[in-house]
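In what follows, residues are counted from 1 in the order of the sequence shown. As a basis for the values below, the full set of heavy atoms in this structure was taken, side chains included, without hydrogen atoms, waters or symmetry mates.
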Amino acid sequence: MKLKTQLMDEITVNRTITRLSYEIIERSQNLENVILVGIKTRGIPLAQMIRANILKNSEVDVPIYELDITHFRDDYIKEVEVREVPEMSVEGKDVILVDDVLFTGRTTRAAIDAVLKAGRAASIRLAVLIDRGHRELPIRADFVGKNVPTSMKEKIVVHLASKDGDTSVSIYEN
């Protein structure tokens with residue numbers, strides 16, 4: 001892959017996460033009822049960043065869960081059907097799924113399946129750092145850091161310091 005352009009540096013990513021956090025605070029009727037669910041891999045540190053911002057700006061420490069949706073995907077080839085439900089207390093909660101990039105919607109659909117299997121949430125909303133379009137499913141994000149129209153030949157790569165050593169968002173071409 002060849003680097004086409006860097007969309008966001010660390011300062012821009014942090015500023016975007018802060019804005020997403022404010023939007024979540026403003027659009028949540030009761031922050032005490034909100035839980036964040038970070039979708040593995042980069043959704044988890046993003047959810048942790050959002051949680052820290054919410055705590056700093058509202059003094060509410062929202063619970064956070066980590067979700068591996070591998071066995072809930074419809075495009076994952078597996079020999080044995082294994083669909084473990086993560087230990088989440090979602091009953092009656094306002095769940096906010098957190099992911100790095102929204103593309104086809106398949107990861108989000110799998111995450112929704114996992115949450116529904118864990119219990120009956122009051123609501124499920126989606127927060128993403130980047131929405132690049134090209135949906136295969138009727139899914140949209142409720143909280144979007146940046147909309148980035150891309151071609152199918154391009155790939156958006158999110159780097160976060162806790163996972164990758166640096167923080168940035170870039171577009172690569174095949």
Side-chain angles (χ1 to χ4, degrees), residues 1-28 31 34-70 72-73 76 86 88 94-112 114-115 124-135 139-174:
M1 288 191 307
K2 178 184 166 195
L3 177 66
K4 183 174 179 183
T5 187
Q6 183 180 36
L7 295 171
M8 302 169 101
D9 59 11
E10 183 172 8
I11 292 169
T12 309
V13 169
N14 289 333
R15 188 178 303 133
T16 302
I17 293 297
T18 299
R19 183 175 48 77
L20 285 171
S21 304
Y22 276 118
E23 285 182 35
I24 290 169
I25 292 168
E26 291 171 358
R27 293 173 40 196
S28 297
L31 272 178
V34 170
I35 62 172
L36 297 173
V37 177
I39 300 172
K40 187 178 176 185
T41 297
R42 284 172 185 76
I44 296 167
L46 289 171
Q48 291 167 339
M49 294 166 71
I50 290 169
R51 177 189 194 188
N53 277 303
I54 290 173
L55 178 61
K56 177 180 158 188
N57 293 297
S58 71
E59 298 181 9
V60 176
D61 192 10
V62 297
I64 188 169
Y65 295 95
E66 297 180 5
L67 180 60
D68 181 353
I69 53 90
T70 304
F72 288 89
R73 292 190 63 93
Y76 178 73
M88 293 190 286
D94 295 312
V95 175
I96 300 177
L97 298 171
V98 181
D99 204 3
D100 57 349
V101 179
L102 177 57
F103 182 33
T104 63
R106 295 198 174 280
T107 298
T108 303
R109 191 225 27 97
I112 291 169
V115 169
I124 302 174
R125 295 182 289 170
L126 176 62
V128 296
L129 183 61
I130 303 291
D131 183 346
R132 64 173 285 194
H134 303 288
R135 270 344 149 263
I139 289 176
R140 66 164 176 77
D142 300 280
F143 308 99
V144 178
K146 185 175 181 81
N147 287 295
V148 181
T150 59
S151 77
M152 294 300 283
K153 294 178 182 178
E154 295 171 324
K155 180 174 182 164
I156 292 187
V157 177
V158 175
H159 286 131
L160 298 172
S162 61
K163 294 282 180 197
D164 309 299
D166 71 320
T167 299
S168 64
V169 178
S170 302
I171 296 180
Y172 287 84
E173 284 185 313
N174 285 333

Exercise. Do any N or O atoms from the side chain of Arg135 and from the backbone of Phe103 form a donor-acceptor pair under 3.5 angstrom?
Worked result: yes

Problem set entry | CE-CG distance between Met49 and Leu20, expressed to the nearest 0.5 angstrom | 10.0 Å

Exercise. Can you name the closest pair of heavy atoms from Ala47 and Leu36 and give their distance?
Worked result: O-CD1, 3.6 Å

For this session: Measure from the side-chain N and O atoms of Thr5 to the backbone N and O of Ile171, and report whether any donor-acceptor pair falls under 3.5 Å.
Result: no

Problem set entry | Heavy-atom pair with the smallest gap, counting every atom of Thr107 and Ile39 | CG2-CG2, 3.8 Å

For this session: Search all heavy atoms of Ile156 against all heavy atoms of Thr150 and return the closest pair with its distance.
Result: CD1-CG2, 3.8 Å

Seminar exercise, completed: In this structure, CZ of Phe143 is separated from CD1 of Ile50 (nearest 0.5 Å) by 9.0 Å

For this session: Report the residues that fulfil salt bridge (charged side-chain N to carboxylate O under 4.0 Å, His left out) with Asp9, sequence neighbours left out, ordered by chain and then residue number.
Result: none

Problem set entry | For the student: nearest non-hydrogen atoms of Ser168 and Gln6, plus distance | CB-NE2, 3.1 Å

Exercise. Is a side-chain donor or acceptor of Arg51 paired with a backbone partner of Ile35 at a separation under 3.5 angstrom?
Worked result: no

For this session: Evaluate the criterion side chain to side chain contact (heavy atoms under 4.5 Å, CB included) for residue pair Lys146 and Thr16; output intermediate values, then yes/no.
Result: CA-CA 8 Å; Lys146 185 175 181 81; Thr16 302; 5.5 Å; no

Exercise. If only atom types and distance count, is the side chain of Arg125 paired as donor or acceptor with the main-chain N or O of Asp94 below 3.5 Å?
Worked result: no

Problem set entry | Asn174 side, atom CG; Met1 side, atom CE - distance, nearest 0.5 Å | 7.0 Å

For this session: Provide the closest heavy-atom pair for Ala141 versus Val128 in the form atom of the first, atom of the second, distance.
Result: CB-CG2, 3.7 Å

For this session: Begin from the C-alpha positions of Asp142 and Arg140 and carry the test side chain to side chain contact (heavy atoms under 4.5 Å, CB included) through to its verdict.
Result: CA-CA 7 Å; Asp142 300 280; Arg140 66 164 176 77; 2.9 Å; yes

For this session: Using a cut-off of 6.0 Å, state whether more than 12 heavy atoms not belonging to Ile11 lie near its atom CD1.
Result: no

Problem set entry | From CA spacing to verdict: side chain to side chain contact (heavy atoms under 4.5 Å, CB included), Lys155, Lys4 | CA-CA 10 Å; Lys155 180 174 182 164; Lys4 183 174 179 183; over 6 Å; no

Exercise. Which value, rounded to the nearest 0.5 Å, describes the distance between Ser170 atom OG and Leu7 atom CG?
Worked result: 6.5 Å

Problem set entry | salt bridge (charged side-chain N to carboxylate O under 4.0 Å, His left out) against Arg42, all qualifying residues, sequence neighbours excluded | Asp164

For this session: Check for a donor-acceptor pair, side chain of Asp131 on one end and backbone N or O of Asn147 on the other, with a separation under 3.5 Å.
Result: no

Seminar exercise, completed: Scanning both residues in full, the closest heavy-atom pair of Ala114 with Leu67 reads CB-CD1, 3.7 Å

For this session: Please say whether more than 12 non-hydrogen atoms of neighbouring residues, nucleotides or ligands are located less than 6.0 Å from OH in Tyr22.
Result: no

Seminar exercise, completed: One should read off an interatomic distance between Arg109 CZ and Thr104 OG1, to the nearest 0.5 angstrom, of 9.5 Å

Exercise. Atom CD1 of Ile24 and atom CD1 of Ile96: how far apart are they, to the nearest 0.5 Å?
Worked result: 4.0 Å

Problem set entry | Residues that Lys40 engages under salt bridge (charged side-chain N to carboxylate O under 4.0 Å, His left out), provided they are two or more places apart | Asp68

